[in-house]
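Data first, discussion second: the structure below is written as structure tokens.
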Amino acid sequence: MTTARDRGLAAALADARDRPDGEERCAELERIAARADATDDPRTALSARFALVEAYLHLGERWRTVEPVRRMRATLARHPGLLDARPDEATRLRRHQRQAVEALFGTPRVGLDQARSLLDTLAAEIGEDAEAVAELRCRLADHLGDEPAARRAYARWSAGDGADPVGGCPGCAPARRAELLAGWGEPEAALAALGPAFTPDCTDQPERGLVAGLLPWLRTGAEVRAARAHVRAYRRHRRERAAFPLLATHLRFCALGGHLHRGLEVLTEQLPRLDRPADDLSAMEFAAAGALLCGLAAEAGLGGRRIHRPGHGSRPAAEVDVATLGGQLQALATALAGSFDARNGTGHQSGRIGSWLAERPLAAPVPLPAESEFDDDPEIDPAEPGPPGPEEPAPLDAALLTAALDARGEPYTVEPDGALTGRWGEATIEFRRLGEVLHARVVAGRRLPADRRAEAYAFCNAWNHDRLLPAAYVHEPGDGTLVLAAGVSTDLSCGVAPAQLAVLVAATVRTGAAYADAVAALRP
């Protein structure tokens with residue numbers, strides 16, 4: 001039986017989910033979760049923290065997911081059967097647990113013991129040899145500088161078939177393996193591992209795989225291949241927010257391949273993004289690669305060239321010469337590496353950055369292809385597949401969702417935050433990506449006066465009892481009216497084929513319009 005207390009928490013949670021992304025929404029979700037803990041409402045506590053984790057991921061602050069994931073685990077320890085009838089949510093929690101462990105690699109703000117505890121819990125549930133566990137063990141050991149342990153875990157990880165629903169994107173796994181092997185000084189093995197990265201399983205490919213191959217190709221004498229890969233991949237990574245962690249490799253290629261003028265152009269273009277990095281690791285690596293490039297450029301007589309560095313915080317905007325900028329970037333990279341090592345209790349990250357800064361060119365520069373060469377049809381190459389077919393699954397991204405709506409031929413609006421909003425009959429429907437989840441919010445055009453609250457709740461309860469989609473609820477905006485809204489969330493962590501996404505969008509539009517029509521048919 002649903003109590004008044006439960007209805008209050010449920011309404012508060014629905015209201016929090018409707019708020020714009022930002023700190024206020026996160027703070028409200030935290031408050032609801034804490035209140036649910038205090039009133040012994042584990043179901044709402046889990047729901048609030050699921051929403052909180054997804055909010056942090058949407059904000060690009062993965063390190064903040066560690067605490068809510070830990071608390072969800074504590075809730076399940078007190079109520080062990082809570083997700084027995086919800087296997088999808090159990091998988092979703094394990095996936096968030098993996099993401100929380102991965103946050104340790106990106107920032108020293110996550111405690112080593114916290115990440116290890118979450119990883120041990122995950123291993124106890126799905127097995128030490130599960131791909132997700134083996135990969136995390138491998139990457140953690142590598143991060144700490146324990147190469148023998150990393151290699152043992154690598155063997156278990158690479159023996160998998162890529163079908164682990166808890167693991168990361170299977171299309172990017174070969175690139176992640178290649179990056180490890182390249183870091184261990186095995187460029188040939190890195191290129192061998194990279195081969196599967198060029199299958200059309202992932203919308204980050206082939207560009208991420210091309211970047212993973214840049215330095216191995218350079219080290220094995222394939223300078224022309226590396227040059228083409230850099231130009232082709234940078235066309236995409238130049239403006240893609242999620243690609244910031246890959247820019248360090250582009251800069252290192254330019255430095256070690258002798259393309260110093262090109263490298264300084266890339267550094268000038270991307271330098272403002274260093275003030276808003278994806279995480280501390282990507283900032284450290286970008287700064288180290290930039291310092292290497294500036295140092296080699298200064299040795300080549302380009303140290304007096306001036307680069308504009310925008311102001312940020314208390315730092316004023318300035319025209320900085322290459323030699324001075326190199327010193328600033330080296331100081332930043334060294335400080336961040338020291339922060340990681342202080343947390344880890346090792347000197348591995350400082351040693352790694354030191355080795356980068358000591359590198360010297362690997363080959364004489366070769367001509368870079370013009371970007372226009374990649375404007376039309378791609379060259380016939382295993383590294384350049386076409387777009388996924390209608391039945392081929394790929395990670396959910398904005399392009400897939402936009403294409404699904406375009407195919408319907410109906411008008412919609414792209415909101416500033418990336419949401420896609422359209423009007424179907426009496427319903428306004430907003431499609432939004434929340435990490436690996438497709439969320440659709442339906443708002444009925446008709447509003448009810450606030451004094452019909454009981455009737456509105458009764459209507460939503462009856463709808464949810466009789467219909468699978470969408471999940472209806474009442475929202476009170478505080479203006480004396482009631483908004484009758486509904487939501488549909490679909491976990492697409494294993495990818496989605498364009499044909500499947502078209503079905504999901506059509507079902508949402510059809511059921512959402514029916515819901516709004518039912519609201520419109522309520523008594524005057």
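Side chains included, hydrogens not; waters and symmetry mates left out as well; all remaining heavy atoms used.
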With sequence neighbours excluded, tell me which residues meet ring pair (Phe, Tyr, Trp, His ring centres under 6.0 Å) with Y56.
none
Output every pair passing salt bridge (Lys or Arg N to Asp or Glu O under 4.0 Å) with a member in residues 44-54, not counting sequence neighbours, ordered by first then second residue.
D37-R49, E54-R92
Charged N-O contact under 4.0 Å between E28 and R31
yes
For Q97 and R73, test the side chains for any donor-to-acceptor distance below 3.5 angstrom and give the result as yes or no.
yes
Validation: residues 284-297 side-chain donor-acceptor distances under 3.5 Å, sequence neighbours left out:
from	atom 1	to	atom 2	distance (Å)
E285	OE2	R352	NH1	3.0
E285	OE2	R352	NH2	3.0

Provide the full list of salt bridge (Lys or Arg N to Asp or Glu O under 4.0 Å) pairs with a residue in residues 313-339, sequence neighbours left out, each pair given once.
D275-R315
Those residues that, when tested against E188, pass salt bridge (Lys or Arg N to Asp or Glu O under 4.0 Å) (two or more places apart)
none
The criterion is ring pair (Phe, Tyr, Trp, His ring centres under 6.0 Å); which residues satisfy it with H259, sequence neighbours excluded?
F253
Under the ring pair (Phe, Tyr, Trp, His ring centres under 6.0 Å) test, residues paired with F431 that sit two or more places apart:
none
Test salt bridge (charged side-chain N to carboxylate O under 4.0 Å, His left out) on E415 and R432; report intermediate values, then the result.
CA-CA 10 Å; E415 306 295 344; R432 179 188 300 275; over 6 Å; no
Check ring pair (Phe, Tyr, Trp, His ring centres under 6.0 Å) between H237 and all other residues, then give those that pass, not counting sequence neighbours.
H250
All salt bridge (Lys or Arg N to Asp or Glu O under 4.0 Å) counterparts of R238, not counting sequence neighbours:
E269, E371
Once salt bridge (Lys or Arg N to Asp or Glu O under 4.0 Å) is applied, do any residues pair with D88, and if so which ones, sequence neighbours excluded?
none
For R252, check salt bridge (Lys or Arg N to Asp or Glu O under 4.0 Å) against everything at least two apart and list the hits.
E359
Can you list every salt bridge (Lys or Arg N to Asp or Glu O under 4.0 Å) pair that touches residues 103-117, not counting sequence neighbours?
R109-D280
